[in-house]
Amino acid sequence: MADPTTATKLQAVNTILSAIGELPTTQGVLDAGSSADVSMAEQILDEVNREVQMEGWHFNTDSKITFTPNASNLIVVPDNVVRITASGYDITIRYTGTARQLYNKTDNTYEFLSPLTEEAVVVYLFDFYGIPEPAKRYITIRAARLFQDRMVGSASHHKFSERDEFKALLDLKEYEGSTARDNIFSDVGVFNIIKRGSIL
């Protein structure tokens, strides 16, 4: 059973439903997908979770990662990786029809003859339950506002929820600042954090 102090996906979905005055749902209904409103709330939560994590935060970004080609000289990218950057390389992730692979845009090839070791910075997409509480709070409130906009579209509700969303974003950025020990002189990945503005 989940730690009661850690927000679950069910709790997030119920917060989203409450934005339009819906009654809380249960884990059984969520798992079965038997309610259109519950399914929509979960879909928007997943959408916002991906959107926010793709920005690249301290909790889901690792640096100095080495990627080693397989026997076919290909670098297969794990499903939970949403972005890879590396100084000295012009690379991107492409789906070949069978797997997500790293593509070398400089040489127009999927083949890598040596490991990718040049300070690779990787942004991961984690399950909602496994991310820090400030990130969960921001994602939940943003998803609730989008859900409310799409389902009801009340301007007065939107203004109230937007204030909550902005406060949650500030809390997340404060958490980011207190947990990330990097600076612009020690980590190339910090540039992405510094240049990131509000995604409201």
Side-chain angles (χ1 to χ4, degrees), residues 1-3 6-9 12 31 42-140 142-143 169 171-199:
M1 183 172 177
D3 183 342
T6 302
T8 65
K9 193 173 191 179
D31 291 342
E42 182 181 25
Q43 177 183 330
I44 293 174
L45 180 68
D46 290 342
E47 172 188 322
V48 174
N49 186 37
R50 285 192 301 273
E51 172 196 348
V52 171
Q53 290 197 51
M54 283 188 334
E55 288 288 315
W57 301 84
H58 182 254
F59 69 84
N60 72 329
T61 303
D62 285 340
S63 59
K64 301 181 182 179
I65 303 300
T66 298
F67 288 91
T68 303
N70 60 20
S72 302
N73 294 326
L74 305 175
I75 296 178
V76 178
V77 179
D79 289 340
N80 70 330
V81 170
V82 293
R83 188 168 73 230
I84 300 173
T85 56
S87 58
Y89 290 91
D90 185 9
I91 54 175
T92 189
I93 300 171
R94 291 190 177 171
Y95 181 66
T96 63
T98 56
R100 298 168 74 237
Q101 295 179 5
L102 213 54
Y103 183 75
N104 180 345
K105 295 185 70 177
T106 301
D107 300 326
N108 298 319
T109 180
Y110 288 101
E111 292 190 358
F112 289 82
L113 302 180
S114 60
L116 183 70
T117 59
E118 290 291 326
E119 302 286 323
V121 178
V122 182
V123 177
Y124 297 95
L125 174 62
F126 294 131
D127 182 80
F128 180 82
Y129 184 76
I131 64 177
E133 292 301 309
K136 288 183 187 180
R137 177 75 177 155
Y138 173 62
I139 289 166
T140 300
R142 180 166 173 77
L169 179 58
D171 290 344
L172 175 55
K173 287 187 172 184
E174 182 179 340
Y175 173 85
E176 175 88 352
S178 66
T179 57
R181 296 178 178 269
D182 299 316
N183 60 59
I184 59 174
F185 304 108
S186 65
D187 196 318
V188 295
V190 176
F191 174 74
N192 291 327
I193 296 170
I194 293 172
K195 74 179 178 65
R196 177 177 57 237
S198 171
I199 59 175

Asker: List, one per line, each side-chain donor-acceptor pair under 3.5 Å for residues 97-106, sequence neighbours excluded.
Answerer:
{"from": "Thr98", "atom 1": "OG1", "to": "Thr96", "atom 2": "OG1", "distance (Å)": "3.3"}
{"from": "Arg100", "atom 1": "NH1", "to": "Pro78", "atom 2": "O", "distance (Å)": "2.6"}
{"from": "Arg100", "atom 1": "NH1", "to": "Val81", "atom 2": "O", "distance (Å)": "3.2"}
{"from": "Arg100", "atom 1": "NH2", "to": "Val81", "atom 2": "O", "distance (Å)": "2.7"}
{"from": "Asn104", "atom 1": "OD1", "to": "Thr106", "atom 2": "N", "distance (Å)": "3.0"}
{"from": "Asn104", "atom 1": "OD1", "to": "Asp107", "atom 2": "N", "distance (Å)": "3.2"}
{"from": "Asn104", "atom 1": "ND2", "to": "Asp107", "atom 2": "OD2", "distance (Å)": "3.1"}

Asker: Looking only at atom types and distance, does a side-chain atom of Arg94 sit under 3.5 Å from a main-chain N or O of Tyr110, one as donor and one as acceptor?
Answerer: no

Asker: I want to check something: taking the side chain as every heavy atom from C-beta on, are Tyr124 and Val82 in contact at a cut-off of under 4.5 Å?
Answerer: no

Asker: Can you name the nearest heavy-atom pair linking Thr140 to Ala12, along with the distance?
Answerer: OG1-CB, 3.5 Å

Asker: Does atom CD of Glu174 have more than 12 heavy-atom neighbours from other groups under 6.0 Å away?
Answerer: no

Asker: Nearest 0.5 Å, what's the CD1-OH distance between Ile84 and Tyr89?
Answerer: 12.5 Å

Asker: Output yes when a side-chain donor or acceptor of Trp57 lies under 3.5 Å from a complementary backbone atom of Val52, and no otherwise.
Answerer: yes

Asker: How close do Gln53 and Ile131 get, counting heavy atoms only, and between which atoms?
Answerer: NE2-CG2, 3.6 Å

Asker: Quick check: closest heavy atoms across Val123 and Gly56, and the distance to 0.1 Å?
Answerer: CG1-CA, 3.8 Å

Asker: I would like to know whether Glu133 and Thr6 meet side chain to side chain contact (heavy atoms under 4.5 Å, CB included); could you show each step before the answer?
Answerer: CA-CA 7 Å; Glu133 292 301 309; Thr6 302; 3.3 Å; yes

Asker: Would you check if Phe112 and Asn73 make a side-chain contact, meaning some heavy-atom pair closer than 4.5 Å?
Answerer: no

Asker: Could you measure the distance from the CZ atom of Arg83 to the CD atom of Glu55? Nearest 0.5 Å is fine.
Answerer: 7.5 Å

Asker: To check you understand the geometry: which heavy-atom pair defines the closest contact between Pro134 and Asp171, and what is its length?
Answerer: CB-O, 4.4 Å

Asker: Which value, rounded to the nearest 0.5 Å, describes the distance between Phe126 atom CZ and Asn60 atom CG?
Answerer: 6.0 Å

Asker: Where is the tightest heavy-atom contact between Val77 and Ile93, given as atom of each residue plus distance?
Answerer: CG1-CD1, 4.0 Å

Asker: Under a 4.0 Å threshold between the charged nitrogen and the carboxylate oxygen, would Asp46 count as salt-bridged to Lys9?
Answerer: yes

Asker: Might you point out which heavy atoms bring Pro115 and Thr66 nearest each other, and give the distance in Å?
Answerer: CB-CG2, 4.1 Å

Asker: Check whether NZ of the Lys or CZ of the Arg Lys136 lies under 6.0 Å from the centre of the six-membered ring of Tyr129 and within 45 degrees of that ring's axis.
Answerer: yes

Asker: Give, for atom CE of Met54 and atom CG of Asn49, the distance between the pair rounded to the nearest 0.5 Å.
Answerer: 10.5 Å

Asker: Using the side-chain hydrogen bond (donor to acceptor under 3.5 Å, both in side chains) criterion, which residues pair with Gln43? Sequence neighbours excluded.
Answerer: none

Asker: Say whether, by atom type as modelled, one donor and one acceptor occur between the side chain of Ser178 and the main chain of Tyr175 under 3.5 angstrom.
Answerer: yes

Asker: Checking Asp90 now: which residues fulfil salt bridge (Lys or Arg N to Asp or Glu O under 4.0 Å) with it, not counting sequence neighbours?
Answerer: none

Asker: Would you confirm whether Ser72, through its side chain, and Leu74, through its main-chain N or O, come within 3.5 Å as a donor-acceptor pair?
Answerer: no

Asker: Show your working on side chain to side chain contact (heavy atoms under 4.5 Å, CB included) between Val121 and Ile65 and close with a plain yes or no.
Answerer: CA-CA 6 Å; Val121 178; Ile65 303 300; over 6 Å; no

